[in-house]
Amino acid sequence: MARMADTTGNTSDVGAAPDPGSAPRKSSWRYIGPGIVVAATGVGAGDLVATLIAGSNFGYTLLWAAVLGCLVKISLAEAAGRWHLSTGRTLFDGWASLGRWTTYFFAVYVVIWGFSYGAAAMSSSALPLQALFPGVMDLEWWGVACGVVGLVFVWFNKYAVFEKVMTVMVGVMFVVTVYLAIRVTPNLGNAFAGLLPVIPDGEDSVLNTLGLIGGVGGTITLAAYGYWVNAKGWANTGWMKVMRLDNRVAYITTGVFVVAMLFVGAEMLHAANIALSGGGKGLVQLGDILADEYGTATAKFFLIGFFATSFTSLIGVWHGVSLMFADFVARQRDKTAGKGKEIASGEHERSWPFRAYLLWLTFPPIVLLFQGEPFRLVIIYGVLGAAFMPFLALTLIWLLNSSRTPREWRNGWLSNTMLAVAGLLFLVLCLKEIWDQPWAEFF
């Protein structure tokens, strides 16, 4: 049999298939899909603003960190996809095998995170719409409209339609970001110099650099990737080579978004010493700057791309995390559940837990749109969000180096190295997030 080297330093015999349906598929662009979905969902307005701010503060100096961040995410998503395909089990089923503590962590995380994220996603999607159509509705009502449209779309459509819509919106994001990067006329000499790993001078520069590496596209959607792989119909090792190509496409796409926005920050904001606000409001500010510099048409074009960026994150989470929650509930009700074939069959997308979590993401957070998040909830949300990524990295190391994974698909040295780097990186960022919280005011 031909042997196939993966992107993680492991060499696997693709003929070592657990069932007749797992004959290897030839890697082909026509299969690409889940990678586009994870790229679109993982890169939100906050990620683009973080990259813009890095460009405005440090020019091209941290370009290497943005690229490294994409490589780290490739290793995490590949590991999640490899677990699903090599074992035929879902990631939550793997977590459950590590002990009850994983169930408790995920249960608390998915409830509190979903409540807060729902409000943030709706607000972020509403900002460009309010800027494009001033005076039509208040920001809060635009947010409600985005949430309800996302709910209806995911509720009534299966993965295949969801993937097609996400692909179209990624195309819009791609065209807008690349157009802006070309329009600002990047200094390619400085950009290439920015690929050399240098930590800029300044207070907290090391932590800011780590934050850029860890921040872009680094959310629960990395864990959802394996579920989207199964939802696509890939449920055995025959799809491994296809999954790896798909995963590379995901983070090359993410890398294009990141590099393009860093170019914009370095050329438009760094030289003019312009500071942006964090989150979606920073992108609205950028729209105003683009209108002054290049005209109203360019600004509106950018706002359309901004909406595509925010709304793909919204519907991506509405679908992907609801799929994870449905698997979580199924595993609690039946210990033999948690199989990739169940996800591939589409039965979870029709289940009541999937739809219940969709409702949870949409309607309770509307209260936060109008009243703002309670102070203590903001702190808990920040800590839980920061804790998820080290949890993901470290549990993947555990699962993929144990007898739970068939020997031929366990981690190689490169995968272990990348996952260990990811785990340590996110652990540092988690500890910083915990340290920075105003705990004295919490109690």
Side-chain angles (χ1 to χ4, degrees), residues 1-39 73-97 159-160 163 221-251 320 323-324 327 331 337-348 392-393 395-412 414-416 418-419:
M1 291 288 181
R3 295 180 71 82
M4 177 182 70
D6 68 16
T7 55
T8 62
N10 206 353
T11 303
S12 305
D13 185 345
V14 297
D19 62 71
S22 64
R25 270 72 173 179
K26 185 177 180 181
S27 185
S28 171
W29 292 98
R30 66 191 176 94
Y31 292 127
I32 297 303
I36 296 296
V37 172
V38 78
K73 308 311 184 313
I74 284 176
S75 66
L76 282 163
E78 190 276 343
R82 179 156 42 95
W83 166 264
H84 276 248
L85 295 182
S86 66
T87 65
R89 300 164 64 188
T90 63
L91 187 53
F92 186 78
D93 191 44
W95 285 338
S97 73
Y159 174 81
E163 182 190 284
T221 54
L222 287 168
Y225 178 64
Y227 287 84
W228 285 322
V229 163
N230 287 156
K232 179 76 170 175
W234 307 347
N236 54 53
T237 56
W239 292 101
M240 195 71 76
K241 193 172 183 179
V242 175
M243 181 275 291
R244 285 168 173 157
L245 173 64
D246 180 75
N247 181 44
R248 293 184 200 116
V249 169
Y251 284 96
L323 205 53
M324 293 182 70
D327 181 50
R331 184 66 175 63
K339 303 295 186 289
K341 289 182 179 178
E342 295 168 7
I343 308 295
S345 72
E347 65 179 74
H348 281 353
L392 175 63
T395 53
L396 282 172
I397 291 175
W398 191 345
L399 290 170
L400 292 167
N401 284 287
S402 73
S403 59
R404 297 173 181 85
T405 304
R407 184 174 298 278
E408 62 268 29
W409 299 112
R410 292 178 196 168
N411 279 357
L414 182 56
S415 183
N416 276 326
M418 293 298 289
L419 289 177

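Here the structure is a predicted model, which is why all the values come from computation and not from measurement.
- To the nearest 0.5 Å, atoms NZ (Lys241) and OH (Tyr31) are separated by 12.0 Å.
- Judged by distance alone, the side chain of His84 and the main-chain N or O of Ala235 form no donor-acceptor pair under 3.5 Å.
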Checklist entry - Can you check side-chain contact (heavy atoms from CB on, under 4.5 Å) on Trp239 and Val229, steps first, answer last? => result CA-CA 9 Å; Trp239 292 101; Val229 163; over 6 Å; no

Item to check | Candidate pair Tyr159 and Asn230, rule side-chain hydrogen bond (donor to acceptor under 3.5 Å, both in side chains), full reasoning | outcome: CA-CA 10 Å; Tyr159 174 81; Asn230 287 156; over 6 Å; no

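- Annotation: side chain to side chain donor-acceptor pair (under 3.5 Å) contacts of Thr90 (sequence neighbours excluded): Asp327.
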Checklist entry - Run the side-chain contact (heavy atoms from CB on, under 4.5 Å) check on Met243 and Tyr225 step by step: do they pass? => result CA-CA 10 Å; Met243 181 275 291; Tyr225 178 64; 3.6 Å; yes

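- For the atom pair Lys339 NZ and Asp93 CG, the distance stands at 5.0 Å (nearest 0.5 Å).
- What you find for Arg404 and Thr87 is that their closest heavy atoms are O-CG2, 3.5 Å.
- Considering every non-hydrogen atom in both Ala344 and Gly233, the closest pair reads CB-CA, 4.2 Å.
- At a threshold of 4.5 Å between non-hydrogen side-chain atoms, the residues Lys73 and Leu222 count as touching.
- Trp83 CH2 to Thr405 OG1: the interatomic distance, rounded to the nearest 0.5 Å, is 4.5 Å.
- A distance of 10.5 Å separates CG of Leu396 from CG of Asn401, quoted to the nearest 0.5 Å.
- For the atom pair Ser415 OG and Leu76 CG, the distance stands at 9.0 Å (nearest 0.5 Å).
- Residues Ile343 and Ala231 approach most closely at CG2-N, 3.8 Å, considering heavy atoms.
- Across Gly94 and Leu399, no two heavy atoms sit closer than the pair O-CD2, 3.4 Å.
- Once rounded to the nearest 0.5 Å, the distance linking CZ of Arg331 with CD of Glu342 reads 10.5 Å.
- Residues Ala250 and Val38 come closest through the heavy atom pair CB-CG1, 3.7 Å.
- Within the 4.5 Å cutoff, side-chain heavy atoms of Leu392 are placed close to those of Leu91.
- Contact detail for Ala223 and Met324: the closest heavy-atom pair is CB-CE, 3.8 Å.
- Formation of a donor-acceptor pair under 3.5 Å by the Arg82 side chain with backbone atoms of Trp409 is found in this model.
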